[in-house]
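Here is the structure we will look at, set down as structure tokens.
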Amino acid sequence: MTVQRILIVEDEPLIAMMLEDFVDALGKTCVGTCDTVQSALATIADETPDAVILDVNLSGGEKSWPVADALAEKGIPFVLSSGGDEVVDGHADRPRLSKPFTMDGMEKALAALG
């Protein structure tokens with residue numbers, strides 16, 4: 001599978017913009033950014049990206065596990081991005097993108113999706 005169309009779920013605007021820049025620099029297309037579980041779930045209901053970069057911790061202490069579960073159900077591959085090591089059962093085998101984010105790290109995480 002070729003990963004070309006990427007959705008970014010990230011609550012920090014500057015980090016989301018940096019990740020969008022990385023996606024562009026890698027010759028891929030960012031199909032959008034979401035900053036809440038609700039907006040991410042709505043987006044993946046309407047859109048089928050090739051892959052998703054999913055921040056584990058969103059604003060207000062919100063965890064993105066409902067999005068991870070929905071992506072897994074739909075067969076959409078995703079990379080977990082996080083500053084920590086928290087992983088929930090069922091998603092421990094997902095590729096990781098750890099802070100501080102680098103273009104090389106993103107390229108490797110996306111390549112790990114297949």
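Side chains included, hydrogens not; waters and symmetry mates left out as well; all remaining heavy atoms used.
Considering CD1 of I53 and CD1 of I15, their distance stands at 12.0 Å, rounded to 0.5 Å. For the atom pair CH2 of W65 and CG of L71, the computed distance is 11.5 Å after rounding to the nearest 0.5 Å. Here CG of D11 is found 11.0 Å from OG1 of T33. Values are rounded to the nearest 0.5 Å.
For R94 (side chain) and L113 (main-chain N/O), no donor-acceptor pair under 3.5 Å exists by modelled atom type. For N57 (side chain) and K63 (main-chain N/O), no donor-acceptor pair under 3.5 Å exists by modelled atom type. Remark: the backbone N or O of E10 is not paired with any side-chain donor or acceptor of D35 at under 3.5 angstrom. When atom types are taken as modelled, the side chain of K74 and the backbone of I44 share a donor-acceptor pair closer than 3.5 angstrom.
Applying the side chain to side chain donor-acceptor pair (under 3.5 Å) definition to pairs two or more places apart or across chains, those involving residues 99-114 are D104-K108.
Of all the heavy atoms in K28 and Q4, the pair that sits closest is CB-O, 3.3 Å. Residue I76 comes nearest to P49 through the heavy atom pair CG2-O, 3.6 Å, listed as atom of the first residue, atom of the second, then distance. Across S81 and D55, no two heavy atoms sit closer than the pair OG-CA, 3.1 Å. The minimum heavy-atom distance linking R96 with V79 is given by the pair C-CG1, 4.0 Å. Across every non-hydrogen atom of V37 and S64, the tightest pair is CG2-CA, 3.9 Å. Shown here for A109 and P95, the closest heavy-atom pair between the two residues is O-CB, 3.8 Å.
By the 4.5 Å heavy-atom criterion applied to side chains, C30 and I8 are counted as neighbours. Within the 4.5 Å cutoff, the side chain of M18 has heavy atoms near those of the F101 side chain. At least one side-chain heavy atom of V9 sits under 4.5 Å from a side-chain heavy atom of L58. Side chains of L7 and D50 form no contact here, defined as non-hydrogen atoms less than 4.5 Å apart. Side chains of V67 and F78 form no contact here, defined as non-hydrogen atoms less than 4.5 Å apart.
Using a 4.5 Å cut-off between side-chain heavy atoms of Ile, Leu, Val, Met, Phe, Trp and Tyr, with links allowed through other members, L110 and M103 fall into the same hydrophobic cluster.
Around CD of Q38, the count of heavy atoms belonging to other residues, nucleotides or ligands within 6.0 Å does not exceed 12.
In terms of the side chain to side chain contact (heavy atoms under 4.5 Å, CB included) criterion, T29 has no residue partners (sequence neighbours excluded).
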May I have the step-by-step check of side-chain contact (heavy atoms from CB on, under 4.5 Å) for L19 and I6, ending in yes or no? CA-CA 10 Å; L19 293 174; I6 314 250; over 6 Å; no
